[in-house]
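To start, the structure under review is shown below, and the notes come after it.
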Amino acid sequence: MTANLLDFDLEGLAAFCEGLGEKRFRATQLFRWIHQRGASDFSQMSDLAKSLRAKLESSARIEGLRLLSQHESADGTIKWLFDVGAGNAVEAVFIPEEDRGTLCVSSQAGCAVGCRFCSTGHQGFARNLTTGEIVAQLWFAEHFLRQHLATSERVISNVVMMGMGEPLQNYSALIPALRTMLDDHGYGLSRRRVTVSTSGVVPMMDRLGQDCPVALAVSLHAPTDVLRDPLVPLNRKYPLVELMQACKRYLAHAPRDFITFEYCMLDGVNDQPEHARALVALVRDQAVSCKLNLIPFNPFPASGLTRSPSSRVQAFAKLLSDAGIVTTIRKTRGDDIDAACGQLAGDVRDRTRVGERIAAQRTVMLTPVPADPVAKEGLA
Ligand code: SAH
Ligand code: SF4
C-alpha cells in the first residue's frame with residue numbers, strides 16, 4: 001500500500017522524502033502543492049523533477065475522502081457527509097460569516113464519551129479518524145469552496161474541532177492534523193483561529209498545551225459534579241475541580257488569554273438561576289479566565305430533551321454578564337439541514353455499548369428538575 005500524503009505534517013513529509021533519497025526542501029514544495037493548491041495528481045506538479053514525480057507515483061498517493069452527500073442551508077451553511085469505510089460516515093460543516101469562514105471538523109466516527117444531549121454520542125463509537133481523514137475534510141472544503149466561489153483567495157480562516165468525536169481521545173492523529181492547519185506552507189491558520197473543543201480529557205489538555213497550543217473550548221454544561229456526571233460521563237473520571245485546574249495550566253501556553261466554556265442550555269435541566277450562580281462561583285473560586293458561550297440545545301428525537309426557552313437563556317446570560325463574565329449566546333446555524341452543534345450523526349457502526357448505555361440511563365436521567373426553585377441539582 002502506498003503512503004497517503006495527507007497523513008503527514010510537513011515534518012513527516014520531509015522524513016518521507018528523505019526516505020526516497022530526496023532533499024527535505026522538496027517536501028515543502030510538495031506540501032504546498034497538496035495543501036495550498038489542492039493538487040491530487042503528481043503530474044500537475046510541474047516544478048518537481050520528473051524523477052521525483054516518478055518515485056512519488058510508485059510510492060505515494062494523495063487520497064481524500066469519498067463524498068456521500070452535500071447539503072446547503074438557507075443561511076449558506078454547507079454540510080458534507082464523507083464515507084470513511086465499513087459503513088461509517090463523518091460530517092464537516094462550513095459556516096460562512098461576514099468576516100470569517102469557519103469549518104467544523106470531525107475527529108472520530110462516533111464518540112465514546114456518550115454525552116446525553118449529543119446526537120453523535122447517542123450513536124456510539126466506531127473508530128478514530130486518521131490524520132489524513134481529519135486533514136482531508138479541510139483539504140476538500142477549502143478547494144471545493146475556492147472553486148465554488150471562483151476565487152484563489154483562502155476561504156476558510158477558522159477551524160473548530162467541534163464535529164463528530166472527542167478530539168483529545170484521538171490525540172496522536174490530531175496533532176499532525178493541527179500542525180498542517182497551522183503550517184505556513186499548509187493552510188497558514190492562526191493558532192487563535194484553530195479551536196480544539198473537549199469534554200475535558202485532563203491529561204491530554206496538558207499535552208496539547210505542550211505540543212501544539214491552540215485555542216481551547218471546554219464543554220462544561222453544568223456547574224457542579226452532581227449535575228455534570230450524568231450529562232458528560234467523562235466527568236466521573238475528571239471532575240470539575242481537576243478540569244478547572246487543567247484549564248489554568250493550559251492558559252500558560254494558550255494563544256488566547258481565556259478558555260471558552262461551552263454550555264448547552266437544556267430546558268429544566270441546567271438552565272435555572274441557581275445554575276448560573278453556581279457557575280459564577282465555580283469560575284471565581286477556581287480563578288479561571290474564561291468566556292462563556294451558551295449554546296441553545298439542538299434537539300433530536302432520541303434525546304428526550306428540549307431547548308431552553310429564549311427568555312431563560314437571556315436571563316441566564318444576564319446573570320453571568322452581571323457577575324462580570326463575558327457571555328455570548330451562540331447563533332444556531334444550519335439547523336434546517338441538521339448541521340447545527342450536536343446534530344452531526346453521520347453514520348456509525350457502534351463497536352462499543354455507548355449507545356445502549358445511554359438508552360438504558362435515559363429514564364433515570366430525564367426526570368425533570370422542578371422549574372423553580374431548583375430543589376435538586378442531581379438528575380437522578
Ligand atoms: N467532543 C467535543 C467536540 C465535539 S462536540 C466536545 O464535546 O467538546 C461540539 C460542541 O457541541 C460541544 O460543546 C458539545 O457539547 C456541543 N453539543 C453537543 N450536542 C449538542 C446539541 N444537541 N445541541 C447543542 N450543542 C451540542
Ligand atoms: Fe462526544 Fe462531544 Fe458529543 Fe460528548 S458532546 S458525545 S464528547 S462529541
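Ligands are counted one by one from 1 in listed order, and the atoms in each one are counted from 1 as well. Remember, predicted model here, so these are calculated numbers, not experimental data.
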The atoms of ligand 1 lying under 4.0 Å from a heavy atom of Ile295, numbered in the order shown, are 13 (O), 24 (C), 25 (N)
Can you list the atoms of ligand 1 that are under 4.0 Å from a heavy atom of Gly165?
1 (N), 2 (C), 3 (C), 4 (C)
Given Ser106, Gly121, Gly165, which one has a non-hydrogen atom that is nearest to atom 2 (Fe) of ligand 2?
Gly165
Electrostatic pair Lys55-Glu22, nearest N-O below 4.0 angstrom
yes
Looking at Cys118, which atoms of ligand 1 are within less than 4.0 Å of one of its heavy atoms?
18 (C), 19 (N)
Please state whether the rings of Trp80 and Phe140 are parallel, tilted or perpendicular, taking 30° and 60° as the class boundaries.
perpendicular
Could you tell me whether Phe144 and Phe94 have their ring centroids closer than 6.0 angstrom?
no
Taking only heavy atoms of Glu262, which atoms of ligand 1 are found under 4.0 Å from at least one of them?
13 (O)
For ligand 1, is any non-hydrogen atom under 4.0 Å from Thr198's backbone (N, CA, C, O), its side chain (CB onward), both, or neither?
backbone
Tell me, which protein residue and heavy-atom name are nearest atom 3 (Fe) of ligand 2, and how many Å apart are they?
Cys118 SG, 2.4 Å
Ligand 1 atoms nearer than 4.0 angstrom to some heavy atom of Cys264 are 23 (N), 24 (C), 25 (N)
Do Ile295 and Met265 have side chains that approach each other closer than 4.5 Å (heavy atoms only, starting at C-beta)?
no
Carboxylate-amine/guanidinium proximity below 4.0 Å for Glu262 and Lys291:
no
May I ask you to check whether Cys111 brings an N, O or S atom to under 2.8 Å from atom 1 (Fe) of ligand 2?
yes
Assess Gly163 for proximity to ligand 1: is some non-hydrogen atom of it under 4.0 Å away?
yes
Candidates Met162, Arg116, His221, Gln108; heavy atom nearest atom 9 (C) of ligand 1 found on Met162
Run the numbers for me: atoms of ligand 1, each under 4.0 Å from some heavy atom of Met161, listed by number.
3 (C)
